[in-house]
Amino acid sequence: MSTETPGIDPLQALRAPRDPACDVFLTGPVFLDIIFTGLDSAPVRGTESWARGMGSSPGGVANMATALARLGLRTSLAAAFGDDHYGEYCWDALEQGEGIDLSMSHTVPGWHSPVTVSMAYEGERTMVSHGHEAPAPTPAAGTPAGTTGTGTPTGTTGTGTPAPAFPHCPPRARAAIASLAPGRSEPWVAAAARNGALIFADVGWDETGRWDLDALPDLAHCEAFLPNAEEAMRYTRTGCPRTAAHALAERVPLAVVTLGAEGAYAVDGRTGTAAEVPAIAVEALDPTGAGDVFVAGFVTGTLADWPLADRLAFAGLTAALSVQEFGGSLSAPGWAEVAAWWQLIRTVDDQDPAALERYAFLDDLLPTTARAWPLRRAVPTIGFRQ
């Protein structure tokens with residue numbers, strides 16, 4: 001269940017009648033995440049470990065989709081769902097619980113949902129996943145992929161050449177989020193960019209070891225590239241993440257490098273403007289999905305046309321709030337959590353005035369009253385936490 005503060009639309013002042021109905025489009029695999037928390041240490045071979053808490057939630061690309069939707073962005077997701085109980089649960093949780101548009105998604109008869117078990121301990125996580133690539137969607141003639149026209153997910157034949165679960169013609173949107181991989185180009189990325197969407201992209205570890213930016217062909221379509229510090233330095237052959245950000249800004253309009261506990265650094269390649277915002281110190285319960293929440297916060301600020309430093313601060317804040325709850329999509333904060341944090345933090349003694357000023361832009365966004373901190377963003381489907 002989302003706890004989004006009613007009435008907060010970060011793009012309200014910018015909306016016009018001819019704007020796309022969709023703010024952000026994204027695609028990818030949806031996993032059922034089962035999360036164990038409260039482990040004292042990493043599991044040890046040959047022993048049984050007991051966790052003090054557990055829960056389940058939609059994971060994978062659902063983490064990002066949920067984070068975007070809870071920040072008030074109209075989000076459209078194209079994904080494959082199994083026709084098992086896991087798939088039904090994930091579909092309902094995203095469509096009914098979070099208000100995410102799944103009209104471009106589809107169910108696959110006989111295909112089981114991918115599953116990830118995540119174990120959180122000492123601020124880190126270990127994951128074990130299982131799944132098979134979904135067959136390509138083959139909707140019935142005259143029926144849009146994803147629904148029967150009444151919102152009910154439709155199926156496929158369950159046969160055919162395996163292919164990613166996304167449409168060849170993505171919907172018109174303000175933005176789209178892609179995950180880049182060496183040597184791979186996704187036709188939908190170029191199509192979305194041609195239709196006016198700003199492309200935001202992250203990247204995974206380069207298993208080839210080449211770390212060649214030219215091997216990321218879809219980077220040419222990107223508005224913003226958001227690697228972590230290690231990825232940025234390897235791709236640019238530099239020894240400093242800030243130097244790496246400036247080098248990446250020669251290839252994309254916006255280069256954002258996350259610095260872990262140090263925060264984030266960004267460079268606007270169009271203007272040469274750079275910004276750095278330190279991380280917010282929190283007690284981390286589960287870091288699952290924090291990177292996705294960071295991207296969602298940065299996308300929100302960019303679409304709302306905020307100054308670069310405000311975008312970084314907001315992205316870092318939402319990520320910090322997310323790690324204080326377990327689960328990727330369950331932990332994504334909405335405006336209610338942001339408002340409650342901002343109300344609380346100003347009552348804490350010995351706060352650095354300069355640090356508080358960094359977040360003063362929230363005053364123009366948030367209601368004057370907020371629910372008391374801490375908030376529970378969602379109730380887990382299974383399990384409890386002590």
Item to complete: Go through Asp84 and Ser113 one step at a time and tell me if the side chain to side chain donor-acceptor pair (under 3.5 Å) criterion holds.
Response: CA-CA 7 Å; Asp84 50 18; Ser113 301; 2.7 Å; yes

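- Within a 6.0 Å sphere centred on CZ of Arg210, heavy atoms belonging to other residues, nucleotides or ligands number 12 at most.
- For the residue pair Gly260 and Ala279, the shortest heavy atom distance occurs at O-CB, 3.9 Å.
- Asp218 and Ser185 are linked by a side-chain donor-acceptor pair at a separation below 3.5 angstrom, with hydrogens and angles left out of the test.
- There is a side-chain donor-acceptor pair under 3.5 Å between Asp202 and Ser179.
- A salt bridge between Asp19 and Arg174 is present, with a side-chain N of the basic residue lying under 4.0 Å from a carboxylate O of the acidic one.
- Residues Trp91 and Phe31 do not share a hydrophobic cluster, clusters being chains of Ile/Leu/Val/Met/Phe/Trp/Tyr side chains in contact below 4.5 Å.
- Using a 4.0 Å cut-off between a side-chain N of Lys or Arg and a carboxylate O of Asp or Glu, Arg346 and Asp363 qualify as a salt bridge.
- The two residues Pro109 and Asp83 make their nearest non-hydrogen contact at CA-OD2, 3.1 Å.
- Between Thr116 and Ser129, the side chains place a donor N or O and an acceptor N or O closer than 3.5 Å (distance only, hydrogens not considered).
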Discussion item. What verdict does the side chain to side chain contact (heavy atoms under 4.5 Å, CB included) test give for Phe294 and Val256, after you've listed the backbone C-alpha separation in whole Å, the side-chain angles of each residue and the deciding distance to 0.1 Å?
Written reply: CA-CA 11 Å; Phe294 181 94; Val256 182; 4.0 Å; yes

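- Here His112 contributes atom NE2 and Leu32 contributes atom CG; the two are 12.0 Å apart, rounded to the nearest 0.5 Å.
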Item to complete: Before giving the answer on side chain to side chain contact (heavy atoms under 4.5 Å, CB included), spell out for Trp306 and Leu312 the whole-Å C-alpha distance, their side-chain angles and the decisive distance to 0.1 Å.
Response: CA-CA 10 Å; Trp306 298 348; Leu312 281 187; over 6 Å; no

